[in-house]
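Let me begin by presenting the structure, written as structure tokens, before commenting on it.
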Amino acid sequence: MINITIDNKIVSVPKGTNIFKAAKDNGIYIPGLCYHPKLTQYGGCRLCMVEVTERGRARHRFSCAQPVAEGMIVKTKTPETQKYTKSVMEYLLAHHPLDCPTCDKSGECGLQEVTHDLKLQTGRFKSVRLDQPMKRDNPLLEYNSNRCILCSRCVKVCKEIAGVAAIDYQHRGFKTVIGTAFDKPLDCSFCGGCVSVCPTGSWQDRTLKFRARPWELKKTPTICSYCAIGCSLVVNSKNNEVMRITAEENLELGVNEGNLCVKGKFGHEFINSDKRIQTPLIKKNGKLRPASWEDALEHIAKKFSKIINDHGGSAIGGIGSEKCTNEDNYLFQKFCRAVLGTNNIDNISNMKSPSLNRLINNAVVYGMASTSLEGIENADTVFFVGADISEAHPVLGSMVRKAIRFNKAKVIIANTRNVEFGSEARNLLRLNYKLGTQTALINAMIKVVVDEKLVDLKKVADKTENFNELCSSLNTSEIDIKKISGTTNIPEDSIRAAASSIAKAGNCYVICGKDIQEDPSGEETIEALMNLCALINKGDNDKVSIVFSRENNNSQGVNDMGVVPGFLPGYLDIEDQENRDAIEELWDVKLSADLLANNSGDIFDLAVKKKIKAFYVMGENPIVNYPNGKKVNEAFKKAEFVVVQDSFLTETAQLADVVLPSSTYVEKGGTFTNMVMTVQRLHKAISQVGDSKPDWQIICNLAEKMGHEFEYTTSKDIVDEIGVSVPIYEGIEVNRLRRKGFHWILSLYYKTKAAVYRFEVASKKTNAITSNKKYPFILLTGSSLRHQGTYSRNSESLISLASECFVEINRKDAKKADIVNGDNIKIESAQGKLKLKAKTTGRVPEGAVFISENYEWVPVNTLRGNGYTNVKISKTK
Amino acid sequence: MGKRKKQTVTEEAIDLSKAEEILDKYEGVQGALIPVLQKIQYEYGYLQEETVNLVAERMEISASEIIGVATFYSQFRLEPRGVHMVKVCCGTACHVKGANKITQEFTNKLNVAVGSTTEDNMFTLEEVACLGACSLAPIITIDGNVHGNMAPGGVGNIIQETGDHGKSK
Ligand code: SF4
Ligand code: SF4
Ligand code: SF4
Ligand code: FES
Ligand code: FES
């Protein structure tokens with residue numbers, strides 16, 4: 001720490017801090033509009049001049065450009081500095097339109113603030129204005145160059161944080177503006193970083209649309225409800241309506257340093273959308289009609305009781321939600337198990353990759369699972385395996401860019417698609433494997449590490465089990481680098497380079513994504529990946545951490561809470577009598593004797609076989625989100641009674657007999673668990689829309705109707721119970737969560753020692769890809785930056801930004817089939833067909849087509865069966 | 001300055017092979033953006049979208065950054081230039097000797113503003129700072145050839161001569 005004196009106050013700050021930040025962090029104000037702590041320093045606005053005295057000599061310095069030194073004496077306000085700053089402002093204001101009354105920034109504007117602080121009067125200069133028209137070339141952002149002071153923050157955020165560099169200074173001198181090449185409409189990732197950092201009203205958030213002045217807005221910090229990063233964001237509301245989302249100003253809070261992505265920043269309009277379900281609905285004569293809560297709950301209770309009576313509780317299937325809170329999900333499984341008496345409950349993420357819970361749990365037990373996302377910023381190597389970071393988890397991309405900027409981190413991307421990753425990194429290593437060869441690729445990397453002795457193999461042998469078996473499995477003719485280089489289609493050198501980068505000294509993060517997790521051979525690939533990580537960790541001091549990049553905001557939590565058939569909350573094996581006894585005691589119930597009956601196959605299979613007669617669905621739309629569309633449709637058709645709890649009338653809700661309106665994340669408290677098991681707290685920002693209720697409350701009411709007391713008055717009561725009954729959440733306390741979160745892995749690592757690693761030697765499996773003459777293409781699916789499920793679908797501005805889901809086809813394949821961008825394409829599989837517009841690209845490999853799963857109105861799942869899906873494509877009208 | 005090829009203003013897809021060659025030469029060279037743009041401009045006459053996008057892709061610099069650089073330096077052009085480049089010096093010496101009258105005459109005769117190109121794409125008119133031949137002031141250059149001691153009356157002739165030459169090409 002360095003001690004300096006600023007305006008007679010002694011402050012102590014870390015070495016390398018500049019004076020500006022040192023002052024700001026200690027509550028001392030220095031004017032300054034270009035410096036931003038998360039961006040590289042620029043020193044362009046010239047407002048932050050201070051007087052610095054060192055070794056008896058006083059000099060003038062720009063405080064944002066001057067690092068602190070021991071014993072420095074800083075004066076922020078001397079007659080000289082004031083005079084200087086005032087004259088700089090005079091120039092800035094001479095060009096400024098001063099149209100504050102019609103500027104959305106007014107009230108939170110940096111320029112206003114400095115003007116006010118300096119008590120400036122009309123300047124000496126004749127004002128010269130650019131008078132350029134406002135630029136509105138996209139639905140989310142507008143740019144007014146007249147108000148721009150050319151501070152460069154937006155340019156930097158776009159390049160350094162978003163990795164896009166869509167905007168830059170254009171022209172020079174007086175004519176300089178911020179803009180795009182050739183003045184084209186803005187085409188970027190629309191993270192909104194520019195609006196967030198702009199100190200003036202140049203960039204504006206169009207979702208606000210002049211509906212509120214900044215001082216009228218109530219600001220509630222909470223957690224994003226789209227992806228599993230769990231960014232902190234601030235809900236800005238007025239009269240119980242969400243007006244806009246802003247980023248957290250205190251960069252220390254939350255995982256995201258105030259960075260957001262397009263969905264988190266602009267995808268809020270669903271909350272107050274007029275498409276929200278306002279009241280409960282009961283189906284009469286095939287039509288859903290508004291009903292009272294009383295009638296709806298009564299109706300459900302009766303039906304459920306009858307089904308339990310006639311067929312037993314296991315005839316009801318429950319589907320929990322990756323979007324709902326931990327509390328909602330905890331009560332949901334408790335209700336299903338204790339009240340309905342069924343263990344036929346599940347969630348879509350578990351159904352998509354059934355082995356993932358076990359594998360993640362192994363990663364935790366072996367001490368390899370990462371405990372924080374922020375740590376990625378200190379990585380020296382980042383290895384993306386089947387993770388499409390720019391589309392699925394954009395803010396994670398910003399963290400990796402930070403690692404690149406500060407640590408010169410090496411980035412390795414293994415994917416069958418040439419996924420996008422924008423950065424200044426020139427040393428990106430791509431391993432574009434042929435689909436189906438991913439396990440072989442990882443095994444080849446293991447072989448390189450072992451053969452080239454990149455780590456201390458003796459240590460590995462000492463500290464692990466089964467290492468010899470692993471080694472002998474590597475010595476088969478199957479695992480030959482040259483051969484694998486041929487089958488994977490990756491140069492030998494790249495495989496070797498990747499292996500040695502990961503084994504090299506320094507922190508390494510392995511980010512295992514959906515493209516691996518949901519692949520039919522996912523289990524085997526992840527096991528190989530864990531072998532690789534264990535090999536390096538044991539041979540070289542735990543430097544590799546694995547992150548499983550879960551898809552939705554609470555994909556982790558829904559599993560933690562035990563909304564799966566195999567586990568009670570906290571991954572306690574339900575088959576184990578002891579675990580069942582313990583939960584019976586905690587819940588003070590007797591679990592039904594046939595709880596585990598029918599407990600095989602996924603619940604849609606059971607419904608197809610008519611073993612399940614009714615569904616209770618909370619916050620999920622399986623009709624389009626479950627991979628196998630044909631099966632799920634059949635399952636719901638066969639069900640006699642369906643209850644859906646949702647905020648919107650989704651495809652699944654439309655099939656329901658009773659629909660219950662649930663509140664969204666801004667209307668309730670609770671917690672979400674992100675992809676590295678950080679439990680973060682939500683804060684209620686507005687009161688419930690329409691007649692909706694939080695999911696947990698609906699469950700309580702329903703339980704009561706069915707004769708069980710679920711006595712929880714707030715979501716906090718449920719957290720307290722979770723803290724007792726879910727071992728991994730032991731010690732969680734709502735009030736201590738504040739906004740720092742509770743890291744359950746970390747607390748587990750404190751309590752228990754990592755288990756001895758046992759190498760899994762995968763039995764050789766042949767890959768499941770079969771070529772098919774009739775359907776020559778493989779269908780690849782994945783995430784999309786601009787959409788994710790029901791929420792984005794009902795957010796108007798996101799829809800106008802991205803209204804169309806394309807089928808992406810490799811340029812060469814397109815050329816052969818005479819397909820150009822925008823052609824209508826029919827995609828057919830053995831299961832079904834779909835019509836979409838074509839987009840030709842170099843990102844999808846030849847022989848494959850790609851369709852995003854996140855455009856909820858496009859039922860990609862109608863094409864899919866189990867395993868890989870073969871399709872054919874043809875031009876149509 | 002060497003001879004410049006006549007540019008076509010048709011919408012035909014442009015041949016990027018020259019640009020590729022230039023980029024190949026600078027592959028992996030740090031800070032090569034400006035020389036690359038100079039060479040491309042020399043080859044194609046100006047920086048058009050297709051070539052800029054290619055540079056962006058190959059050098060991993062966004063198009064907006066490239067145009068940011070290109071619009072900062074006056075040497076780069078984003079619009080096609082005429083077959084003939086007229087540069088009127090307006091350095092101090094030339095200014096004193098009436099360079100502005102020369103410019104005026106060119107704008108009148110060619111019906112074109114400084115910095116732009118005639119409608120028939122034959123002439124581009126530019127003003128430049130001191131060309132370093134003040135003893136011949138006022139001077140102009142056409143396609144790199146110096147014409148000293150210019151008088152407004154001579155402008156018409158020079159245009160005529162150059163234009164005929166251009167047409168016969
Ligand atoms: S940017 Fe600031 S100073 Fe300028 S018009 Fe808007 S509020 Fe006023
Ligand atoms: S638009 Fe805003 S952030 Fe960007 S340079 Fe101008 S004032 Fe700064
Ligand atoms: S969707 Fe994910 S990356 Fe985007 S703001 Fe929300 S949590 Fe952050
Ligand atoms: S804040 Fe220091 S120069 Fe702008
Ligand atoms: S001023 Fe024209 S040549 Fe010097």
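We name chains A, B, ... by the order of the sequence lines, and we start the count at 1 in each one. The structure presented is a predicted model; accordingly, all values stated were derived computationally and were not measured.
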Review point. Say you draw a straight line from CG of B/Leu78 to CD of A/Gln170; how long is it, rounded to the nearest 0.5 Å?
Key: 9.0 Å
Practice item. Enter the distance from A/Thr180:OG1 to B/Glu65:CD here, rounded to the nearest 0.5 Å. Key: 13.0 Å
[atom1] of [X]: more than 12 outside heavy atoms within 6.0 angstrom?
X: B/Glu57; atom1: CD; answer: no
X: A/Glu492; atom1: CD; answer: yes
X: A/Gln132; atom1: CD; answer: yes
X: A/Lys839; atom1: NZ; answer: no
X: A/Lys38; atom1: NZ; answer: yes
X: B/Asp24; atom1: CG; answer: yes

Check your understanding: How far apart are the C-alpha atoms of B/Ser62 and A/Lys159, what are their side-chain angles, what is the distance that settles it, and do they pass the side chain to side chain contact (heavy atoms under 4.5 Å, CB included) test?
Key -> CA-CA 9 Å; B/Ser62 81; A/Lys159 182 170 174 161; over 6 Å; no
Exercise for review: Would you check if A/Arg172 and B/Thr71 make a side-chain contact, meaning some heavy-atom pair closer than 4.5 Å?
Suggested key: no
Practice item. Using the side chain to side chain contact (heavy atoms under 4.5 Å, CB included) rule, take A/Phe182 and B/Val52 through it: C-alpha gap first, then chi angles, then the decisive distance, then the call. Key: CA-CA 10 Å; A/Phe182 304 104; B/Val52 169; 3.8 Å; yes
Revision key, fill the gap. Under 4.5 Å to a heavy atom of chain A? For B/Gln48 that would be backbone
Revision key, fill the gap. Heaviest contributor of heavy-atom pairs below 4.5 Å to chain A, chosen from B/Gly68, B/Ser64, B/Ala70, is B/Ser64
Practice item. Give, as side chain, backbone, both or neither, the part of A/Lys184 having an atom under 4.5 angstrom from any heavy atom of chain B. Key: side chain
Point to revise | Side chain, backbone, both or neither of A/Val164 within contact of chain B (heavy atoms, under 4.5 Å) | key: backbone
